[in-house]
Amino acid sequence: MTHLMLPDSDGVLSHVEIAAPAALRTASAPPSCRTVYAAAHVVADPLRACDAVPEGEQIDWDATSELRRRLWSLGLGVAESMDTAQRGMGLKWDGARELALRTLADAAECGGEVVVGIATDQISGPTSDLGRIRDAYLEQIIDIEAAGGSVVMMASRHLAGAAQSPEDYVKVYGEVLAQARRPVILHWLGAVFDPALAGYWGHHEPKAAMATVVDIIGAHADKVRGIKVSLLDAALEVLLRELIPSPAKVFTGDDFNYVDLIAGDGTRHSEALLGAFAAVPRFASAAFARLDAGDMTGFRDILEPTLPLSRLVFSAPTQYYKAGIAWLTYLDGAQNHFRMLKGFETGRSLLHLAELVRVAGGLGLFSDPDLAAQRASAYFAAHGLGIRS
């Protein structure tokens, strides 16, 4: 057991224990029982990550690629250029496009699974022009499909601001889906992740919004592979699973309740497209290996202990969860620093980071506990806090 001193919730230095790495039997092949994607973050160049530098120059491309290769080596697919990669929060379309094309090329070489987020973020400022929003989606989907990729049609802040009714969503989504060459995963990202998306699908009440979603999917059954649901409301996701037209699937993005949702109720289950799995990739790999073997108890035994960590990573304000993923990845030795695009790491307090060390350390997350303790101690010492014991 490795020990260090970090501030507790009252700001008082106290002992933290980092357990030995959890004994996990991971897999290298994708699971057959579920479709699984981990939404990966972007590694910044620590010398250039700031507001003054263009976004593309802030990315450490080699380190970012290596993270994706790590996920593929564990049998996990990669969800690329999405909100975990700071899409719309430091990463604009130009950078997201280059990131996607690099990852698609790497995937072809490695045999890895990828889906790529598309949005409307090449539009500068608000617009009320639904045609312009449609064309922005189409520009992005054409670029990704031309590179051999499949897409997640991410929720659009521009559409949320421009739409006057559910019919506006039906119109824009219908016109985009009509031109898609490959089945698309839709994306329902709740306001807890992005307040600008409040009232998406034309309703503030989620059950009413669900009717619009179901209608869109039903009208384009040949073009919709499924929908990623990130509402952090398990009951709503279960209801959508019952209503969604076949053969479309629900991909859970619920980082609070993913174990039950993926396990299912014996009749229906959710697939997985989660930022949380970028924080606990070895646990996810080992859990799905047990599920593939028909061992539901083993699946739960491995994955349920990760829920407290995930809920802490995704605690309010939830949009800053990316900082927690980058922090844990740094402590685990998979990147060499804790800097993020546009200084995004400052969205979480030192108290929050310390609590992440406590919870992750107790879980056995870190493959090298001494390295994790050394890095955490050094980071807090640089801020005038923390003593290695």
Side-chain angles (χ1 to χ4, degrees), residues 21 24 26-30 36-49 53 55-87 90-91 94-117 144 147-149 273-286 288 313 321-342 344-345 356 360 365-372 374-376 378-379:
L24 298 168
T26 59
S28 58
V36 182
Y37 295 102
H41 74 285
V42 170
V43 182
D45 178 339
L47 299 176
R48 296 176 174 83
V53 175
E55 59 178 315
E57 297 176 21
Q58 293 183 51
I59 297 174
D60 182 334
W61 293 110
D62 289 341
T64 295
S65 176
E66 189 57 37
L67 282 186
R68 279 111 181 103
R69 290 173 181 265
R70 179 192 186 207
L71 295 172
W72 289 324
S73 74
L74 292 168
L76 305 178
V78 170
E80 189 55 278
S81 300
M82 298 189 67
D83 49 306
T84 306
Q86 291 181 245
R87 187 75 177 270
L91 187 70
D94 286 347
R97 180 182 183 277
E98 182 172 359
L99 175 63
L101 296 182
R102 285 173 178 262
T103 299
L104 287 168
D106 282 349
E109 180 181 319
C110 298
E113 293 289 329
V114 184
V115 287
V116 176
I144 299 306
L273 201 165
L274 289 156
F277 285 174
V280 294
R282 292 193 307 118
F283 287 80
S285 176
F288 283 104
V313 168
Y321 76 87
K322 300 92 165 164
I325 293 175
W327 172 241
L328 294 172
T329 304
Y330 164 61
L331 295 182
D332 199 32
Q335 64 185 74
N336 293 326
H337 61 85
F338 180 50
R339 292 274 291 178
M340 300 181 71
L341 303 185
K342 305 288 185 180
F344 197 80
E345 73 277 4
L356 286 173
L365 179 75
F366 302 121
S367 55
D368 185 339
D370 287 337
L371 176 65
Q374 178 185 12
R375 288 186 166 186
Y379 188 82

Minimum heavy-atom distance between [X] and [Y], given as atom pair plus value:
{"X": "A147", "Y": "L101", "answer": "CB-CD2, 3.4 Å"}
{"X": "A286", "Y": "L24", "answer": "CB-CB, 3.9 Å"}
{"X": "L74", "Y": "P281", "answer": "CD1-CB, 3.7 Å"}
{"X": "V114", "Y": "A107", "answer": "CG2-CB, 3.4 Å"}
{"X": "L67", "Y": "A334", "answer": "CD2-O, 3.7 Å"}
{"X": "A100", "Y": "V116", "answer": "CB-CG1, 3.5 Å"}

Taking atom [atom1] of [X] and atom [atom2] of [Y], what is their separation to the nearest 0.5 Å?
{"X": "D94", "Y": "L99", "atom1": "CG", "atom2": "CG", "result": "12.5 Å"}
{"X": "L341", "Y": "Q86", "atom1": "CG", "atom2": "CD", "result": "4.5 Å"}
{"X": "L331", "Y": "S367", "atom1": "CG", "atom2": "OG", "result": "10.5 Å"}
{"X": "M340", "Y": "W327", "atom1": "CE", "atom2": "CH2", "result": "12.5 Å"}
{"X": "L91", "Y": "S81", "atom1": "CG", "atom2": "OG", "result": "6.5 Å"}

- Query: What do the steps show when you test L356 against V313 for side-chain contact (heavy atoms from CB on, under 4.5 Å), and what is the final call?
  - Reply: CA-CA 7 Å; L356 286 173; V313 168; 3.6 Å; yes
- Looking only at side chains, do Q335 and T329 share a donor and an acceptor under 3.5 Å apart? no
- Query: Side-chain donor-acceptor pair under 3.5 Å between E345 and H337, yes or no?
  - Reply: no
Side chains of [X] and [Y] in contact at under 4.5 Å (non-hydrogen atoms):
{"X": "L76", "Y": "Y37", "answer": "no"}
{"X": "D106", "Y": "R68", "answer": "no"}
{"X": "M82", "Y": "L273", "answer": "yes"}
{"X": "P369", "Y": "P21", "answer": "yes"}

Under 3.5 Å, is there a donor-acceptor pair between the side chain of [X] and the main chain of [Y]?
{"X": "S285", "Y": "T26", "result": "no"}
{"X": "T64", "Y": "D60", "result": "yes"}
{"X": "E80", "Y": "T103", "result": "no"}
{"X": "E57", "Y": "R48", "result": "no"}
{"X": "D368", "Y": "L371", "result": "yes"}
{"X": "R339", "Y": "A49", "result": "yes"}
{"X": "W72", "Y": "E113", "result": "yes"}
{"X": "N336", "Y": "Y330", "result": "no"}

- Task: Over 60° means perpendicular and under 30° means parallel, so classify the ring planes of F277 and F288, tilted if in between.
- Result: perpendicular
- E109 and R69 ion-paired at < 4.0 Å: yes
- Query: Between R102 and E98, is there a side-chain N and carboxylate O pair less than 4.0 Å apart?
  - Reply: yes
- Task: Identify, with sequence neighbours excluded, every residue that meets side chain to side chain contact (heavy atoms under 4.5 Å, CB included) alongside A360.
- Result: L309, L328, L365, F366
